[in-house]
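What follows is a short report on a single structure.
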Number of protein chains: 2
Amino acid sequence: MTTSAGPRPDEPEPAGVPDGPGVPDGPDGPDVADLSAALERAASWLRRALRNPEWNAVALSTLDELDRGGPRRVTELAVLERTSQPGMTGILARLAAAGLVRRDPDPSDGRATLITVTPAGREHIAARHAERARFLADRIGSLPDDDRRALLGATRALAALAAPEEEEALS
Amino acid sequence: MTTSAGPRPDEPEPAGVPDGPGVPDGPDGPDVADLSAALERAASWLRRALRNPEWNAVALSTLDELDRGGPRRVTELAVLERTSQPGMTGILARLAAAGLVRRDPDPSDGRATLITVTPAGREHIAARHAERARFLADRIGSLPDDDRRALLGATRALAALAAPEEEEALS
DNA sequence: CTCGATTCCATCACTGCTTTATATAAGTTG
DNA sequence: CAACTTATATAAAGCAGTGATGGAATCGAG
């Protein structure tokens with residue numbers, strides 16, 4: 001697909017935006033608002049770059065969560081993923097139909113269902129992570145060394161953003 | 001909302017995962033695979049924590065792009081957001097109906113429509129960014145100083161992930 | 001200048017997913 | 001034991017995305 005980008009009306013350069021990725025440095029370096037915008041852009045980039053026609057973000061995140069946290073109930077997963085219970089029921093039905101998760105009765109509560117990731121599910125996750133890592137490695141390869149180092153240095157902190165909130169959602 | 005988390009079957013602790021956010025350090029610190037996983041989790045967290053019932057991710061990202069890059073055509077935006085043209089037509093119709101964007105004929109091509117963000121759209125964006133920044137500030141406030149510093153230090157690099165790819169999508 | 005090819009995007013038909021509402025079974029509590 | 005709560009499947013409705021299609025505008029070769 002080619003697109004003919006027509007001439008656009010002149011837009012004045014937004015004040016205070018230097019050349020570069022568009023993150024202005026405040027008096028003491030980037031502040032939280034800058035970080036927030038940057039995270040948002042990075043997340044948006046991830047969403048676009050690695051769109052998966054088969055499984056949407058919630059399904060994949062659910063699979064990841066099961067892989068990481070072990071078997072969970074339908075309602076737990078709905079809470080974790082901030083989606084409705086019937087919606088989660090649907091997602092899990094699809095994942096189960098694809099052989100990526102297993103549905104077992106919960107031995108401690110006759111009403112409940114335990115969802116467990118299958119070996120095929122684990123393989124799917126691993127393959128996806130590997131693909132993503134390759135893609136990111138390639139992308140990072142074209143960044144300056146400083147940026148690469150800063151990203152790698154923030155790895156733990158990025159993961160930490162999500163960690164306690166995942167616990168809160170269960171209480 | 002309370003959820004009764006039933007007892008789960010014992011899951012063996014995955015080998016090599018220390019206490020903490022779950023990011024193992026390799027021989028030379030986190031590698032790209034770790035970073036990839038951490039980015040994925042952070043993005044997933046952002047999606048869940050700040051879900052917006054009114055505007056989905058593509059709509060908001062489109063609005064941001066218009067704010068940042070100036071007026072664009074429907075097809076350009078569809079390419080940028082990796083979505084179909086009729087889908088983007090729908091998104092823009094909704095955004096226009098809400099007064100957040102304006103649709104004008106492109107003076108240089110009678111077939112084309114130029115989409116411009118409105119003042120109300122800019123306000124909406126600003127409010128959303130402010131909310132996100134507040135939320136992130138609160139979240140970061142409970143992280144160790146090291147993590148906070150690492151995140152702020154990676155601000156520029158996070159934004160840089162998205163930057164050239166946005167340019168490529170237009171060629 | 002003409003006309004075929006291409007571009008731009010609205011519209012349509014269809015599909016799939018999410019939500020709220022509801023029903024049924026299992027579990028809890030006084 | 002009855003009333004209430006919990007767990008989740010199911011149904012109905014709504015919404016948004018996709019591929020296909022078609023009309024209008026533009027481009028470029030002859």
Side-chain angles (χ1 to χ4, degrees), chain A residues 1-8 47-48 51-63 71-98 101-116 169-171, chain B residues 1-8 47-48 51-63 66 71-98 101-116 170-171:
Chain A
M1 169 178 350
T2 61
T3 177
S4 59
R8 290 187 256 133
R47 172 176 49 80
R48 291 193 308 259
R51 42 188 298 134
N52 191 309
E54 194 180 11
W55 302 111
N56 64 24
V58 180
L60 291 171
S61 179
T62 300
L63 204 52
R72 290 191 191 272
R73 298 186 182 183
V74 175
T75 312
E76 281 181 69
L77 291 167
V79 169
L80 268 179
E81 296 297 332
R82 306 296 168 92
T83 192
S84 70
Q85 173 259 307
M88 183 51 74
T89 296
I91 286 169
L92 296 173
R94 271 175 261 130
L95 287 170
V101 302
R102 200 179 70 224
R103 302 170 49 91
D104 302 308
D106 187 334
S108 62
D109 189 332
R111 302 166 297 185
T113 304
L114 271 187
I115 310 293
T116 310
L170 294 181
S171 42
Chain B
M1 167 177 353
T2 61
T3 176
S4 58
R8 291 186 252 131
R47 170 176 52 80
R48 290 192 308 257
R51 43 188 298 135
N52 191 311
E54 196 181 10
W55 302 111
N56 65 23
V58 179
L60 292 170
S61 178
T62 300
L63 205 50
L66 286 167
R72 292 191 189 270
R73 297 186 182 181
V74 173
T75 312
E76 281 181 67
L77 291 166
V79 169
L80 268 178
E81 297 296 335
R82 306 296 167 93
T83 192
S84 70
Q85 172 261 308
M88 182 51 73
T89 296
I91 287 169
L92 295 174
R94 272 175 261 128
L95 287 169
V101 301
R102 200 178 72 223
R103 301 170 51 89
D104 302 307
D106 187 335
S108 63
D109 189 333
R111 303 166 296 186
T113 304
L114 272 187
I115 311 292
T116 310
L170 293 182
S171 43

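Here the structure is a predicted model, which is why all the values come from computation and not from measurement. Protein chains get the first letters and strands the later ones, always in sequence-line order, with residue 1 at the start of each.
- Contact annotation: T83(B) does not reach the phosphate of dG17(D) (side-chain N/O to OP1 or OP2, under 4.0 Å).
- Counting to the nearest Å, the P atom of dG17(D) and the CZ atom of R82(B) are 17 Å from each other.
- Note: CZ (R73(B)) to P (dT7(C)) measures 12 Å, nearest angstrom.
- The interatomic distance linking M88(A) (CE) with dT10(D) (C1') rounds to 17 Å, in whole Å.
- Nearest nucleotide to the T89(B) side chain, out of dC9(C), dT10(D), dT8(D): dC9(C).
- At whole-Å resolution of the value, CD1 in I91(B) and P in dC15(D) are 16 Å apart.
- Annotation: of the two residues near DNA chain C, Q85(A) and T113(B), the 5′-most nearest-nucleotide partner is T113(B).
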Nucleotides 13-15 of chain C: which of its N/O atoms have a protein N/O under 3.5 Å away?
none

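- Using a 4.0 Å cut-off, no side-chain N or O of N56(A) falls inside it from OP1 or OP2 of dG16(C).
- Phosphate contact (OP1/OP2 of dG17(D), side-chain N/O of R94(B), threshold under 4.0 Å): present.
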**Request:** Go through R51(B) and E81(A) one step at a time and tell me if the salt bridge (Lys or Arg N to Asp or Glu O under 4.0 Å) criterion holds.
**Result:** CA-CA 10 Å; R51(B) 43 188 298 135; E81(A) 296 297 332; over 6 Å; no
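- Atom-to-atom, CG of L60(A) to P of dC17(C) comes out at 13 Å; the value is rounded to the nearest Å.
- L95(A) and A59(A) get closest at one heavy-atom pair: CD1-O, 4.1 Å.
- Here the closest non-hydrogen pair linking Q85(A) and T75(A) is CG-OG1, 4.5 Å.
- Closest non-hydrogen pair, R103(A) versus I115(A), comes out as CG-CD1, 3.8 Å.
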Contact list (N/O, under 3.5 angstrom) for nucleotides 23-27 of chain C vs protein:
unit_1, atom_1, unit_2, atom_2, d
dA26(C), O3', G110(A), N, 3.3
dA26(C), N3, R111(A), NH1, 3.3
dG27(C), OP1, G110(A), N, 2.6

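- One atom, CG of L77(B), and another, P of dA10(C), lie 11 Å apart when rounded to the nearest Å.
- Rounding to the nearest 0.5 angstrom, the gap separating the CG atom in N56(B) from the CZ atom in R94(B) is 7.0 Å.
- Along DNA chain D, the nucleotide nearest R103(A) and the nucleotide nearest R51(A) are compared for position; the residue whose nucleotide lies closer to the 5' end is R103(A).
- For S84(A) against A78(A), the heavy-atom pair with the smallest separation is O-CB, 3.8 Å.
- Rounded to a whole Å, the CD atom of E81(A) is 15 Å from the C1' atom of dC17(C).
- The CG atom of D106(A) sits 10.0 Å away from the CZ atom of R111(A) when rounded to the nearest 0.5 Å.
- Atom CZ in R72(A) sits 10.5 Å away from atom OG1 in T62(A) (nearest 0.5 Å).
- In terms of position on DNA chain D, the residue among A112(A) and P86(A) whose nearest nucleotide sits closer to the 5' end is A112(A).
- The CZ atom of R73(A) sits 13.5 Å away from the CG atom of L80(A) when rounded to the nearest 0.5 Å.
- Atom CG of residue L66(B) and atom CG of residue L114(B) lie 10.0 Å apart, to the nearest 0.5 angstrom.
- Rounding to whole angstrom units, CZ of residue R72(B) and C1' of dC9(C) are separated by 18 Å.
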